[in-house]
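Following: one structure in structure tokens, then a few remarks.
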Amino acid sequence: MANRQDRRTVTKSHMDKGAQALRRGDPREAAVWFGKAVVSEPKNASAHHNLSCALADSGALDLAIVSSCRALELNPKHDNAVKRLGSILKTPGLTLNRLPAPKGLLVAFGVADTDHTTLGPLAAQMIRQNSALTPAFELMEQESADAAAEWLCSKTGLKAMGEPLLIALLTKTINRDLVVEELLTALRRRCLLDRPVSELPPPPLQRVLAALAIQGAINEFVFATSAEEDRTLDRLQLDIETQLSEGGRIGGEALLYALYRPLKDLSAAGKLLEINPKKLPEPLRRVVEFTLRQDQEEATLKAELKRLRPIDAAGSTHVAAMYEENPYPRWLSMDIPVEGSWTRQLRETVGELASGLADTPENVLVAGCGTGRHALYCAFGYAPQNETLAIDLSTASLGYAMRKTKSFNARKLSFLQADILDLDLLGREFDIIESVGVLHHMADPMAGWRKLCARLKPGGVMRIGLYRDLGRQDILAGRAYVRDKKLTADPDGIRRFRQALIRDDAELADQTWRDSLMATPDFYSASEVRDLVFHVQERNYTLPEIGESLKELGLLFGGLEVPRSLKTAFRQKYPDPGAPQDLEAWWAFEQQHPELFRRMYEFWCIKPKD
């Protein structure tokens with residue numbers, strides 16, 4: 001007992017010295033002291049977490065991730081460790097040469113109020129390089145993906161199928177690793193073409209196929225298919241529909257079908273929900289619950305949806321139709337902001353120009369909320385008593401939004417189908433309006449912006465997001481390729497576009513836009529690819545054009561929302577306190593450092609008081 005108490009005393013002393021070093025702004029020294037605390041008490045989760053913070057601040061991101069995962073392994077309820085891990089994994093251009101043990105990452109995947117998207121790339125790298133599945137990837141590199149898929153179906157390979165990180169990756173987020181995608185595509189093909197379709201595969205493979213079917217639903221079946229697979233699926237669909245209509249046994253056929261196509265495409269899909277779940281194979285039951293049951297819930301919520309008036313503006317109807325087919329984005333998880341933190345961040349960015357904003361904003365409008373994640377951020381991020389109204393053109397997107405937001409218990413968040421052009425009918429004004437990634441998809445963006453201005457209270461603030469012309473040249477090239485090849489904005493056209501880039505067709509050799517698009521997260525799901533290069537209507541902006549628009553609307557520029565590193569670089573160049581609210585200064589800085597900016601300008605503007 002005395003030795004344990006002595007260790008705790010020593011650990012506390014090291015932790016205190018590490019904290020003092022952090023306060024002095026010396027993370028390297030802090031890392032030394034926190035490292036000593038870990039040596040003193042190797043199972044002290046707080047010591048590992050503090051070490052992670054110091055290592056991250058020192059730039060040793062590999063070791064920081066290892067320490068964060070170890071903290072989570074020791075204490076699965078260590079919320080700060082989850083947040084630290086997610087924060088590190090968001091670092092642009094992150095490359096890891098040292099990988100953590102998997103248990104801590106699995107804990108992070110199990111935390112509901114964190115964005116699992118940030119965990120995906122690390123999980124994929126660990127699966128490829130340091131897991132029971134690593135031999136498959138080695139075989140794939142030496143021979144082919146088909147050879148690796150054959151090994152996975154062997155007695156030895158089936159033992160590796162229990163890799164829990166793979167299941168987490170496929171069911172919790174979109175896989176954005178092309179090597180993993182290639183192997184899974186080959187495995188899916190082998191299971192469809194090289195096995196009796198009516199037989200369920202061995203249990204380890206069943207679990208993976210169920211997860212792969214869920215991944216297909218998440219990424220909207222963006223993986224490539226062959227003509228032979230498509231013919232087999234057409235026959236399979238007829239067989240399954242016959243079984244459903246005649247009340248026959250539902251076995252492996254439906255599970256294989258769900259790897260490639262939505263179950264709702266079956267003519268009698270509703271009967272899968274009527275069957276006693278105990279009579280369905282367990283892996284198929286999981287897929288039915290994740291897909292058809294969620295579709296059923298969204299249909300119910302859509303029926304209850306309030307509508308301002310029918311969407312009939314010529315420039316709005318075809319945009320609405322696109323998002324009815326492909327609600328965007330199909331998110332699964334998110335980081336919940338601290339209540340009121342967005343209000344504080346807003347005031348820091350806008351400064352004195354926000355003096356007309358109420359201390360506790362009561363009314364927030366999210367104009368163009370899509371599938372609801374942005375609306376949730378606003379509902380939590382602004383003052384906790386605010387009422388947030390989220391509108392969108394697409395009922396499919398709003399149904400998805402209502403289903404997803406229910407589980408977060410967001411207070412005073414409501415959804416409404418409405419066109420920005422009809423906002424006069426609301427008869428309400430708002431303290432804050434957010435419209436990010438929306439106006440540039442309108443036939444007349446200024447007409448929509450005027451409608452938003454009319455709904456903003458004098459002294460109120462508005463966050464606008466508009467596509468940045470200088471940051472979308474690769475996307476413009478991709479859109480030109482789509483037009484030249486006459487690719488259609490349907491699942492087949494989207495898959496053909498992706499495969500042209502993945503296979504590196506000869507005509508795309510040395511095309512830098514190809515590599516740039518493949519590196520964007522939007523390349524890995526059908527709705528995101530469609531939004532990226534198949535969109536029916538969009539335009540790009542420069543900062544001077546935005547300045548002219550603000551002048552015409554009578555709005556004040558309040559500052560850009562940019563990464564901390566860019567903000568620091570700007571302040572070094574323009575130290576004057578008022579420079580962040582100087583649009584000309586930002587334009588000059590962008591000309592010198594265009595690579596520091598994102599694809600979209602996000603900025604604040606203020607409506608002066610009368």
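Residues: numbered from 1 along the sequence shown. The structure displayed is predicted, hence computed values, not measured ones.
A salt bridge is defined here as a Lys NZ or Arg NE, NH1 or NH2 lying under 4.0 Å from an Asp or Glu carboxylate O, and E528 with R330 fails to meet this definition. Taking the charged nitrogens against the carboxylate oxygens, K567 and E348 have no contact shorter than 4.0 Å, which rules out a salt bridge. Salt-bridge annotation for K457 and E362: absent, with no side-chain N of the basic residue lying under 4.0 Å from a carboxylate O of the acidic one.
Sorted by first and then second residue, the ring-ring contact (aromatic ring centres under 6.0 Å, His included) pairs involving residues 562-583 (not counting sequence neighbours) are F570-Y574, F570-W586, F570-F589. Pairs passing the side chain to side chain donor-acceptor pair (under 3.5 Å) check and including a residue from residues 79-94, sequence neighbours excluded, read K90-D335. Within the structure, the salt bridge (charged side-chain N to carboxylate O under 4.0 Å, His left out) test picks out no pair touching residues 573-587 (sequence neighbours left out).
The ring-ring contact (aromatic ring centres under 6.0 Å, His included) check on Y377 picks up W342, with sequence neighbours excluded. Judged as a ring-ring contact (aromatic ring centres under 6.0 Å, His included), and not counting sequence neighbours, F290 has no contacts. Residues satisfying the ring-ring contact (aromatic ring centres under 6.0 Å, His included) test with F109, not counting sequence neighbours, are H116. L106 pairs by the side-chain contact (heavy atoms from CB on, under 4.5 Å) definition with P164, L165, A168, not counting sequence neighbours. For H441, the ring-ring contact (aromatic ring centres under 6.0 Å, His included) partners are Y467, H535, not counting sequence neighbours. In this structure A124 satisfies the side-chain contact (heavy atoms from CB on, under 4.5 Å) test together with L169, N175, D177, V180, sequence neighbours excluded. Here A64 pairs with S52, L55, A56, I88 under the side-chain contact (heavy atoms from CB on, under 4.5 Å) rule; sequence neighbours left out. Residues satisfying the side-chain contact (heavy atoms from CB on, under 4.5 Å) test with R564, not counting sequence neighbours, are T568.
Considering R309, R455, K451 as possible partners of D422, the one that fulfils the salt bridge (charged side-chain N to carboxylate O under 4.0 Å, His left out) test is R309. Under the salt bridge (charged side-chain N to carboxylate O under 4.0 Å, His left out) rule, E297 has a single partner from K404, K302, K406, R403, which is K406.
Put simply, the side chain of Q581 gets close to the backbone of G558: a donor and an acceptor are under 3.5 Å apart. Between the side chain of E324 and the main chain of T395, a donor-acceptor pair closer than 3.5 Å is present.
More than 12 heavy atoms of other residues, nucleotides or ligands shown are found within 6.0 angstrom of CD on Q592.
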Residue pair E561, W604: steps toward the side chain to side chain donor-acceptor pair (under 3.5 Å) verdict: CA-CA 8 Å; E561 285 281 359; W604 290 100; 2.8 Å; yes
Cut-off 3.5 Å, no hydrogens considered: what does the side-chain donor-acceptor table look like for residues 366-374, sequence neighbours left out?
unit_1, atom_1, unit_2, atom_2, d
T371, OG1, P329, O, 2.5
H374, NE2, E434, OE1, 2.7

